[in-house]
Q: 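Have a look at this one before I ask anything.
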Amino acid sequence: MRHLFLPLLVLLAGTATASAVCDVKGAKLEEAIAAKAELRETANKQTVRDLRTLRDAAIVLETYKYSTECERLVEIVRALAANPEKTIERGGDTDEDKAEDLMEAREPKAPTPAETAKPK
C-alpha cells in the first residue's frame with residue numbers, strides 16, 4: 001500500500017513545482033530603487049523607467065502563463081537593480097534616432113481602411 005502512494009506524492013510534488021508562480025513582487029524593485037542613490041538621480045530616470053518596464057513585462061508574462069520566462073526576466077531585473085552603476089553604464093545609449101524610433105513604435109497605430117472594411 002505504501003508503494004502506491006509514493007508515485008502519487010512524487011507526481012504531486014512535481015506538479016507543485018511546475019506551477020510555481022513567478023515572484024515579481026519578491027524582486028522588490030521599488031525598494032532597490034529607493035535604496036540606491038544612483039537610481040534616484042534625475043540623470044538616470046530612463047534607467048529606472050527601463051527597470052519598471054521590464055518588471056511590468058514580467059507581470060504580463062506571468063499573466064499569460066509564461067512562468068519560466070517571467071522568472072528569467074525577474075532575475076535580470078534583480079541583477080540590473082543590484083548593480084546600478086554597471087546598469088547605467090550599459091544602458092547609456094544616447095542615439096536620438098534610436099530613441100525616436102522607439103517612441104514611434106510605442107504609439108498605437110490606427111487600422112488601415114482595408115482592415116476596417118466590412119465583408120460583403
Q: Check whether Val74 and Ile59 end up in the same hydrophobic cluster, where Ile, Leu, Val, Met, Phe, Trp and Tyr are linked by side-chain heavy atoms less than 4.5 Å apart.
A: yes
Q: Grouping I, L, V, M, F, W and Y whenever their side-chain heavy atoms are under 4.5 Å apart, do Val60 and Leu51 come out in a common cluster?
A: yes
Q: Do Leu29 and Leu73 belong together in a cluster built from hydrophobic side chains that touch within less than 4.5 Å?
A: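 Per the 4.5 Å side-chain linkage, Leu29 and Leu73 are co-clustered.
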Q: When rounded to the nearest 0.5 angstrom, what distance separates CZ in Arg78 from CZ in Arg55?
A: 13.0 Å
Q: Are Asp56 and Thr53 close enough, and set up right, to give a side chain to side chain contact (heavy atoms under 4.5 Å, CB included), and what steps lead you there?
A: CA-CA 5 Å; Asp56 294 348; Thr53 298; 5.6 Å; no
Q: Does the side chain of Lys109 reach to within under 4.5 Å of the side chain of Glu104, using non-hydrogen atoms?
A: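 The answer is yes; the side chains approach within 4.5 Å.
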Q: Please report the interatomic distance CD(Glu71) to CD(Glu62), rounded to the nearest 0.5 Å.
A: 7.5 Å
Q: In Å, rounded to the nearest 0.5 Å, how long is the span from CG of Asn83 to CZ of Arg90?
A: 9.0 Å
Q: On a heavy-atom basis, which atom in Ser67 and which in Cys22 lie closest, and how many Å separate them?
A: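 What the structure gives for the nearest pair is O-CB, 4.3 Å.
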Q: Nearest 0.5 Å, what's the SG-CD distance between Cys70 and Glu75?
A: 10.0 Å
Q: If you measure from CG on Leu80 to CD1 on Ile88, what distance do you get to the nearest 0.5 Å?
A: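 Rounded to the nearest 0.5 Å, the CG-CD1 separation comes out at 10.5 Å.
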Q: Going by disulfide (SG to SG under 2.5 Å), name the pairs with one or both residues in residues 23-52, residues two or more places apart or in two chains.
A: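 Listed by first then second residue: nothing to list.
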Q: Hydrophobic clusters here meaning ILVMFWY residues chained together by side-chain heavy-atom distances under 4.5 Å, can you tell me if Val24 and Ile33 are in one?
A: no
Q: Taking everything shown except Glu31 itself, do over 12 heavy atoms lie less than 6.0 Å from its CD?
A: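 Yes, because the 6.0 Å sphere around CD of Glu31 holds more than 12 heavy atoms from other groups.
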Q: Show the atom names and distances, to 0.1 Å, of all donor-acceptor pairs under 3.5 Å that link a side chain in residues 34-46 to residues at least two apart or in another chain.
A:
unit_1	atom_1	unit_2	atom_2	d
Lys36	NZ	Ala82	O	3.4
Arg40	NH1	Ala34	O	2.5
Asn44	ND2	Glu38	O	2.7
Gln46	OE1	Arg49	NE	3.3
Gln46	OE1	Arg49	NH2	2.8
Gln46	NE2	Asp50	OD1	2.7

Q: Measuring from atom OG1 of Thr87 to atom CD1 of Ile76, what distance do you get when rounded to the nearest 0.5 angstrom?
A: 11.5 Å
